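Worksheet: one structure, shown below.
Note on naming: letters A, B, ... go to the chains in the order of the sequence lines (proteins, then strands), and numbering restarts at 1 for each one. Note that the structure is a prediction, hence the values are computed from the model and not measured.
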Amino acid sequence: MRDAIQSDLSTDLLDWYDRNARVMPWRVGPGDRAAGVMPDPYRVWLSEVMLQQTTVAAVRDYFTRFTTRWSTVQALAAAPDDQVMGEWAGLGYYARARNLLKCARVVADDYGGAFPDTYDALLKLPGIGPYTAAAIAAIAFDRPETVLDGNVERVMARLHDIHEPLPGSKPVLKNKAAALTPNTRPGDYAQAVMDLGATICTPKSPACGICPLRDPCQARAAGTQTDLPRKTPKKPKPTRYGHVYIAQREDGALLLERRPDKGLLGGMLGWPGSDWSDTPVNTPPFSADWQELAGEVRHTFTHFHLILRIWTAPLPAGLHPHRLIVLDKHAFRPSDLPTVMRKAHDLWRNR
DNA sequence: CACACGTGGTG
DNA sequence: TCACCAAGTGT
């Protein structure tokens, strides 16, 4: 039995969370959870997948639109692929959307619409890796699993003043995080430690003065907090070039393509175009008097910069190039495009 | 293990 | 302007 006077780190963190928990559309706050309210696993799963490498601010509206349009995993599983990809457009990492649908269909078809409630079973589902499996098990099912995301890595590296760089230090950080994971309120605890990293123990200017872990924090004692966690240096981004072709019919219809499932922007709607390379081959989708627009589209992906030239031509009535999509004026929504393609559309529209 | 995979905010 | 960074996963 733990001494009621002595407070350990996880208790301090939970106390802090009880006072500072941020309100989010997918979250059941500590007060409601204490009253027996459990989160909807569908909403926990959807939010966690959206939050992979993505900020809360960027996710909020997407989450609301998704849950308004598809309120259950069965509803999502029954949705056409292009509607889900269109709703995800702009959020990035589009493999998440493809895996989201795969996962929804497995849960609907093989689990009767009820998400599995263990780490091991969750980990087998598409798009659910070690972090997300632990997060769903902890948050949705209150299992004492240890979440290890960028926030927790930073908090643990600082708390224990660990100087070994990521990703090599990941196993050590995971052990440290596991040692702190409590058996009581593990769902609130998982959110507490991530909230701490997101709001107090931030990468650039941590607010150590108001941190609930300021006393035991070894990096703060050593003055090394802003140097941690160390990371192995990243490779420089090369610049690639490309051409895109925007053709419009007199009635307003536009010529687009559905990108292949594999690779960059996989499964997304886009403009037909060249390869993206040092010296892209300028090969329009049909013969016409293509005009090059003034200006260019600049966009940065995870691992390269891209500069696109935009070409335009009238689309002859009756022409429908093989494997391309002719979208009626009213069926085309710019918001269905990934951001780089939307930038090209903006440049063309304002020509 | 290293790399591919988006985007928007921040300093 | 630009590198870094965000509730990572799949290959």
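Note on A/R98: nothing from the nucleic acid sits closer than 4.0 angstrom, heavy atoms only. If you check every strand for non-hydrogen atoms under 4.0 Å, A/R154 touches sugar and phosphate atoms only. Here A/P167 lies out of heavy-atom contact (under 4.0 Å) with every strand. As judged by a 4.0 angstrom heavy-atom cut-off over every strand, A/G266 is placed among residues making no nucleic acid contact. Using a 4.0 Å heavy-atom cutoff across all strands shown, A/I128 reaches sugar-phosphate atoms only and no base atom. At a threshold of 4.0 angstrom between heavy atoms, the contacts of A/K343 with the nucleic acid are absent. Among the protein residues, A/V56 comes within range of the nucleic acid bases, having at least one heavy atom under 4.0 Å from a base atom. Looking at heavy-atom distances under 4.0 Å, A/M268 makes no contact with the nucleic acid at all. Counting non-hydrogen atoms under 4.0 angstrom, A/T339 reaches the backbone sugars and phosphates but no base. A/G197 comes within 4.0 angstrom of no nucleic acid atom, judged by non-hydrogen atoms across all strands. A/K235 comes within contact range of the sugar-phosphate backbone alone, with a heavy-atom separation under 4.0 Å but no base atom that close. Looking at heavy-atom distances under 4.0 Å, A/S205 makes no contact with the nucleic acid at all.
In this structure, the nucleotide among C/dA6, B/dG6, C/dT9 sitting nearest to the side chain of A/F301 is B/dG6. With distances taken from any side-chain atom of A/Y94 to the nucleotides B/dT7, B/dC5, C/dA6, the minimum falls on B/dT7.
Aromatic ring orientation, A/F301 versus A/W276: parallel (interplanar angle below 30°, classes split at 30° and 60°).
If you check distances only, the side chain of A/T55 never reaches the base of B/dG9 with a donor-acceptor pair under 3.5 Å. A donor-acceptor contact under 3.5 Å links the side chain of A/Y93 to the base of B/dG6.
Separation of the A/F115 and A/W45 ring centroids falls under the 6.0 Å cut-off. Taking the ring centroids of A/F286 and A/H322, they lie at or beyond the 6.0 Å cut-off.
A donor-acceptor contact under 3.5 angstrom links the side chains of A/N282 and A/Y245, judged on distance only.
Annotation: of the two residues near DNA chain C, A/H305 and A/L51, the 5′-most nearest-nucleotide partner is A/H305. Between A/K204 and A/N99, the residue anchored closer to the 5' end of DNA chain C is A/K204, taking for each the nucleotide with the nearest heavy atom.
The P atoms of B/dG6 and C/dT11 are separated by 14 Å, rounded to the nearest whole Å. Spacing between B/dC5 and C/dC2 at atom P, rounded to whole Å, works out to 23 Å.
Ion pair A/D142/A/R33 flagged as a salt bridge, since at least one NZ, NE, NH1 or NH2 atom sits closer than 4.0 Å to an Asp/Glu carboxylate oxygen.
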